[in-house]
Q: 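My questions will all concern the structure given below.
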2 protein chains.
Amino acid sequence: MNEMPVGLNSRDRILWAAATLLGEGPGAALSVRKVAARAEVSTGSLRHHFPTQRALMDAVLPIVYDLVFTDDGIHDATIPPRDRLVAALQRLLAPEGAKTKPREDWLVAVDRYVRTEPTRATRAEYLALERELLRRIEFCLGVLREEGALAGGDDARRARYLVTVVTGLSVAQAFPAEDTRLQTEIEVLYTAVDYLLKQ
Amino acid sequence: MNEMPVGLNSRDRILWAAATLLGEGPGAALSVRKVAARAEVSTGSLRHHFPTQRALMDAVLPIVYDLVFTDDGIHDATIPPRDRLVAALQRLLAPEGAKTKPREDWLVAVDRYVRTEPTRATRAEYLALERELLRRIEFCLGVLREEGALAGGDDARRARYLVTVVTGLSVAQAFPAEDTRLQTEIEVLYTAVDYLLKQ
DNA sequence: ACCTGAACACCGTTCAAGT
DNA sequence: ACCTGAACACCGTTCAAGT
């Protein structure tokens with residue numbers, strides 16, 4: 001059992017409590033009272049620092065993610081190509097210093113590019129964003145190709161395919177999900193990536 | 001306002017109540033008491049026929065879906081497996097008698113499951129929808145497996161992977177796109193599907 | 001077997017009251 | 001500003017009791 005670090009203020013105790021609860025396997029969901037109890041804080045105090053459960057989640061998740069995904073080298077040849085590619089895609093999914101949250105990102109994106117009839121300008125803007133995503137993925141594929149880890153074929157087509165998978169996963173991040181979301185996400189990425197690599 | 005059909009037994013009244021509640025726009029989620037009230041039945045009776053909310057959801061969704069979708073054509077052995085699977089996925093992407101368009105569907109879905117704080121009920125509702133999608137894809141995979149067209153492996157995992165791809169494509173349908181969208185869509189589907197099938 | 005409705009153990013949020 | 005804890009309006013599930 002984890003001991004609570006000493007000397008933390010209430011807000012950090014709450015974050016610590018929520019993070020450790022999340023780290024306790026499936027079924028260990030965040031409830032107000034559980035988090036408050038572990039943080040040794042009242043529910044009122046919890047609500048003072050985090051007005052809704054979503055606000056709490058949005059504060060905790062980036063912390064948990066950053067603990068898991070640190071490395072960022074697609075060039076690191078000591079790591080198997082498939083792991084590097086998966087890690088790269090995961091970073092696209094949840095950028096390094098992201099203050100943005102998947103839900104808000106989706107709301108903004110939908111309002112901007114779907115709700116209103118897109119003007120020429122917003123349309124171009126979205127297509128540019130999409131191209132940038134494709135560019136990043138194609139770059140990663142290029143690195144792996146130079147190592148000979150990639151079978152012959154159309155990398156542009158593969159990049160479009162991977163962008164689709166990443167997009168599908170980012171939807172899953174914004175919509176409700178089971179507690180096993182992160183595990184499913186990794187599984188799907190490996191399934192998608194293994195197809196492209198030589199075995 | 002819908003009138004309840006006469007002459008239904010309790011179980012069917014419950015199913016009718018749940019189905020009509022699902023059809024009532026954002027914010028109308030399934031709770032035990034709401035369904036029981038509309039069905040003019042006690043919560044205990046509801047629980048007698050459907051021991052959990054999940055059981056209720058899993059009973060209602062196929063009914064709602066079957067009102068929209070007809071046969072998948074997944075059994076037609078005169079067509080190559082990959083083409084049948086791609087066709088089935090394409091049908092999930094744009095249902096046969098669909099009156100709604102991708103853009104509107106996305107707006108409704110985002111409003112219902114992302115914009116507003118998801119309650120336990122709307123959350124359960126979305127997860128049940130997702131399960132129904134998985135169920136249908138797993139069914140298609142099962143048919144192909146019986147024909148020996150599928151390599152050994154975890155079909156549940158494959159279904160999650162295909163759901164992700166389909167979701168990614170449905171996003172592309174709602175957001176701005178180049179005019180080559182349809183071609184890209186088919187390309188991506190074949191790329192995703194070919195991985196799963198024996199060659 | 002089918003049904004009732006109270007009771008139980010939760011949930012997230014609000015708020016008057018304290019420091 | 002920070003914190004408390006009771007109260008509120010929900011939720012899904014259980015169960016003794018009826019028909």
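Numbered from 1 within each chain, the chains take letters A, B, ... in sequence-line order.
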Q: Write out all pairs satisfying salt bridge (charged side-chain N to carboxylate O under 4.0 Å, His left out) with one or both partners inside residues 141-154 of chain A, taking only residues at least two apart or from two chains.
A: Arg84(A)-Glu147(A), Arg145(A)-Asp155(A)
Q: My understanding is that only residues two or more places apart in sequence, or in another chain, count here; which of them pass side-chain contact (heavy atoms from CB on, under 4.5 Å) with Ala37(B)?
A: none
Q: Would you mind listing every ring-ring contact (aromatic ring centres under 6.0 Å, His included) that reaches into residues 156-178 of chain B, with sequence neighbours excluded?
A: Trp106(A)-Phe175(B), Tyr126(A)-Phe175(B)
Q: Quick one: is dA1(C) close enough that its OP1 or OP2 comes under 4.0 Å of any side-chain N or O from His49(B)?
A: no
Q: Can you establish whether the number of heavy atoms outside Arg82(A) located under 6.0 Å from its atom CZ is more than 12?
A: yes
Q: Without decimals, in angstroms, what is the distance between Lys34(A) NZ and dA9(C) P?
A: 16 Å
Q: Specify the separation, in whole Å, of atom CG of Leu21(B) and atom P of dC11(D).
A: 11 Å
Q: Find the distance Leu46(B):CG to dC11(D):C1' and express it as a whole number of Å.
A: 14 Å
Q: Calculate the interatomic distance between His48(A) atom NE2 and dC3(D) atom P; express it in whole Å.
A: 7 Å
Q: Grab the CZ-C1' distance between Arg123(B) and dC10(C) for me, whole Å please.
A: 15 Å
Q: Once pairs are restricted to Watson-Crick or G-U wobble with both distances under 3.5 Å, how does DNA chain C read as a dot-bracket string, [ ] for crossings and | for other-strand pairs?
A: ||.|||||...|||||.||
Q: What's in the same ILVMFWY side-chain cluster as Leu8(B), cut-off under 4.5 Å, chained through other members?
A: Met4(B), Trp16(B)
Q: Listed by chain and number, what are the side-chain contact (heavy atoms from CB on, under 4.5 Å) partners of Ala39(A), not counting sequence neighbours?
A: Arg13(A), Ile14(A), Ala17(A), Val41(A)
Q: Suppose we screen for side-chain contact (heavy atoms from CB on, under 4.5 Å). Which residues come up paired with Ala124(B), at least two apart in sequence or across chains?
A: none
Q: Please name all residues satisfying side-chain contact (heavy atoms from CB on, under 4.5 Å) with Ser42(B), sequence neighbours left out, ordered by chain then number.
A: Ser45(B)
Q: For nucleotides 12-19 of chain C, read 5' to 3', which letter fits each nucleotide if B means a protein heavy atom sits under 4.0 Å from the base, S means only the sugar-phosphate is that close, and - means neither?
A: BBB-----
